[in-house]
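These notes are about the structure you will find just below.
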Amino acid sequence: MRSRFALPAALTLALLVGPRMGNEARAQAQAPGPTLAAVKARDLLACGAHPGAPGFGLMDSQGVYRGLDADTCRAVAAAVLGDANKVRWVVLTSQARLPALQSGQVDLLARTTTWTQSRDTANGLNFAATNFYDGQGFLVRRASDVRRARDLEGATVCVTSGTTNELNLADWARAQSVRIQPLVFDQNDETRLAYTAGRCDAFSTDASQLAGIRSALQRPDDHVVLPDIISKEPLAPAVRHGDDQWLDIVKWTFFALVEAEELGVTQGNAEQMLSSPNPAIRRLLGLSGDHGPLMGLDRRWAYNAIRAVGNYGEVFERNLGEGSPIKLQRGLNDLWTRGGLMYAPPIR
């Protein structure tokens, strides 16, 4: 009798205890990796930033860096350090942004950077999650005869070097047999100034940025963003290859903001939601589970991020939506429950 039941009892004990022991082992194993250790040691997150992209990253008149990408960095700082203000903004040109991340000059690159196969592989980067689904378009003067992109036959088009925009423009012109003359500049500001000075007939970059640039022009109604979109531009924060823990932190901090919107957790009600009986909300806010410690963070990592910047919908509305000068529709960047592409894996 003893020999018949000894093995099943042992197996039963292993099934009951094994998973719990495994979770504890994983939690204990999440000591700070190289990037998390460096960020905690300096008590500051170094974030690669845009010189000036309205709605994504732009210094306001009070010297505060604002935008969707800026808030992405703030959310990570809050999740890791408990303080969204512990960010050092490292302003980078299009050409310098990838080398700056590769060399360790910044911990995180959140700078309207398109997720591409070559950047993800050959350049040694990992993209955490798409924080804005975009596409390349054209800004033209309303007084011109240009109504669609194909009307740009023979036109001079301003574009910034070191970007996917430069390559997309050449691919599109070749595929559509449209003759254009690219006028290439090193920085977006130079490209914008060339367009406003009349040196080119059109300005081509991501459509969301064109909307922001148009809103900041002296006479916005004199310009129009054409309806044609010539590329896919999934914009995403990036980290270096080789530090999976840091990739997890950045990725899941963004997903937490998306999950918060879906669950109705906001910057204003996050504290009240601590008393919610909803299991998904309790996991999100760190009331149950070891989801923070599994990444080397405090259990309130997501709560801190949401309290700092709000959920994804709040971040979008403040920087790009109807509550901003840019007034973009959510479109693809709406929640999956409303026909968009924003979908966060479950926190459990």
| task | For the pair Phe203 and Tyr195, name the ring-plane relationship: parallel under 30°, tilted 30 to 60°, perpendicular over 60°. | result | tilted
| task | Determine, stepwise, if the pair Arg142 / Asp221 fulfils salt bridge (charged side-chain N to carboxylate O under 4.0 Å, His left out). | result | CA-CA 8 Å; Arg142 193 178 294 275; Asp221 290 342; 5.3 Å; no
| field | Distance, nearest 0.5 Å, that separates CZ of Arg300 from NE2 of His291 | value | 13.5 Å
| field | Rounded distance [0.5 Å steps], CG in Asp71 versus CD in Glu314 | value | 10.5 Å
| request: Find out if a path of hydrophobic residues (ILVMFWY) with successive side-chain heavy-atom gaps under 4.5 Å connects Leu332 to Phe56. | output: yes
| Polar contact flag, side-chain donor to acceptor under 3.5 angstrom, Thr113-Arg97 | yes
| request: Begin from the C-alpha positions of Arg214 and Asp222 and carry the test salt bridge (charged side-chain N to carboxylate O under 4.0 Å, His left out) through to its verdict. | output: CA-CA 9 Å; Arg214 176 184 174 274; Asp222 288 352; over 6 Å; no
| Exceeds 12 heavy-atom contacts within 6.0 angstrom, atom NZ of Lys232 | no
| message | I'd like to know whether Asn188 forms a side-chain contact (heavy atoms from CB on, under 4.5 Å) with His50, so could you lay out the CA-CA distance, the side-chain angles of the two residues, the decisive distance to 0.1 Å, and finally the verdict. | response | CA-CA 9 Å; Asn188 265 11; His50 202 291; 3.5 Å; yes
| What's the shortest heavy-atom distance between Asn168 and Ile230, and which atoms? | O-CD1, 4.2 Å
| Short side-chain to backbone donor-acceptor contact, Ser144 and Val140, under 3.5 Å | no
| message | Return the OG1 to CD distance between Thr266 and Glu271, rounded to the nearest 0.5 Å. | response | 11.5 Å
| query | Which atom names give the shortest non-hydrogen contact between Val80 and Ile249, and what distance separates them? | reply | CG2-CG2, 3.7 Å
| said: Determine whether Arg111 and Ser94 satisfy the following criterion, side-chain contact (heavy atoms from CB on, under 4.5 Å), listing intermediate values before the conclusion. | reply: CA-CA 9 Å; Arg111 189 201 170 284; Ser94 297; 3.5 Å; yes
| note | All heavy atoms of Pro346 vs all of Trp252, minimum pair found to be O-CH2, 3.7 Å
| request: Following the transitive rule for hydrophobic clusters with a side-chain heavy-atom cut-off under 4.5 Å over Ile, Leu, Val, Met, Phe, Trp and Tyr, establish whether Leu98 and Val90 coincide in one cluster. | output: yes
| Okay, side chain of Gln245, backbone of Ala31: is any donor-acceptor separation there less than 3.5 Å? | yes
| request: Could you state whether Leu109 and Leu45 fall into the same hydrophobic cluster, counting links through intermediate Ile, Leu, Val, Met, Phe, Trp or Tyr residues with side-chain heavy atoms under 4.5 angstrom apart? | output: no
| query | Does the Gln95 side chain pair with the main chain of Gly162, one donor and one acceptor, at a distance under 3.5 Å? | reply | no
| request: Begin with the C-alpha distance, continue with both residues' side-chain angles, and end with the deciding distance and a verdict on salt bridge (charged side-chain N to carboxylate O under 4.0 Å, His left out) for Arg192 and Asp189. | output: CA-CA 5 Å; Arg192 175 181 56 80; Asp189 277 350; 3.5 Å; yes
| query | Is there a donor-acceptor contact under 3.5 Å from the side chain of Thr160 to the main chain of Phe185? | reply | no
| query | If you round to the nearest 0.5 Å, how far is CG of Asn123 from CD of Gln117? | reply | 10.0 Å
| request: Measure the acute angle between the ring planes of Tyr312 and Phe316, then classify it against the limits of 30° and 60° as parallel, tilted or perpendicular. | output: tilted
| So, the side chain of Glu153 versus the backbone of Arg179: is there a donor-acceptor pair under 3.5 Å, distance only? | yes
| said: Restricting to non-hydrogen atoms, name the atom on Ser215 and the atom on Ile326 that form the minimum distance, rounded to 0.1 Å. | reply: OG-CG1, 4.0 Å
| query | Taking a hydrophobic cluster as the set of Ile, Leu, Val, Met, Phe, Trp and Tyr residues connected by side-chain heavy atoms closer than 4.5 Å, whether directly or through intermediates, do Phe127 and Leu235 fall within one such cluster? | reply | no
| Do side-chain atoms of Glu317 reach the backbone of Gly323 as a donor and acceptor pair under 3.5 angstrom? | yes
| Within the distance-only criterion (no hydrogens, no angle test), does the side chain of Asn126 pair as donor or acceptor with the backbone N or O of Leu247 below 3.5 angstrom? | no
| request: Mind running side-chain contact (heavy atoms from CB on, under 4.5 Å) on Arg88 and Cys47 for me, showing each step along the way? | output: CA-CA 6 Å; Arg88 182 174 74 235; Cys47 190; over 6 Å; no
| Carboxylate-amine/guanidinium contact Asp244 Lys251, below 4.0 Å | no
| field | Euclidean distance, Asn311 CG relative to Asn269 CG, rounded to 0.5 Å | value | 8.5 Å
| request: Output yes when a side-chain donor or acceptor of Arg330 lies under 3.5 Å from a complementary backbone atom of Asn333, and no otherwise. | output: yes
| task | Return yes if a side-chain donor-acceptor contact under 3.5 Å exists between Asp243 and Thr35, otherwise no. | result | yes
| field | Flag if over 12 foreign heavy atoms under 6.0 Å of CD, Glu322 | value | yes
| Between the side chain of Thr130 and the main-chain N/O of Phe132, is any donor-acceptor distance below 3.5 Å? | no
| message | Quick one, Val159 with Leu183, criterion side-chain contact (heavy atoms from CB on, under 4.5 Å). Give me CA distance, side-chain angles, the key distance, then yes/no. | response | CA-CA 6 Å; Val159 67; Leu183 189 57; over 6 Å; no
| field | Geometric class of the Tyr65/Trp89 ring pair [parallel <30°, tilted 30-60°, perpendicular >60°] | value | tilted
| message | Checking side chain to side chain contact (heavy atoms under 4.5 Å, CB included) between Phe138 and each of Leu169, Thr205, Asp201, which is the one that passes? | response | Leu169
| Co-membership, hydrophobic cluster, residues Trp172 and Leu226, 4.5 Å side-chain | yes
| said: Is it true that, when you exclude Asp60 itself, more than 12 heavy atoms of the residues, nucleotides or ligands shown sit nearer than 6.0 Å to its CG? | reply: yes
| message | Testing the basics here: between Leu108 and Cys73, what is the closest heavy-atom pair and its distance to 0.1 Å? | response | CD2-SG, 4.0 Å
| task | Please report the C-alpha distance between Asp334 and Arg338 in whole Å, then the side-chain angles of each, then the deciding distance to 0.1 Å, and finally whether the salt bridge (charged side-chain N to carboxylate O under 4.0 Å, His left out) criterion is met. | result | CA-CA 6 Å; Asp334 211 340; Arg338 297 194 291 259; 2.9 Å; yes
| message | Working to the nearest 0.5 angstrom, can you tell me the gap between Ile281 CD1 and Leu287 CG? | response | 10.0 Å
| message | Any side-chain to backbone donor/acceptor pair from Gln267 onto Ile306? Under 3.5 Å, distance only. | response | no
| remark: Residues Ala270 and Arg307: closest non-hydrogen pair is CB-CD, 3.7 Å
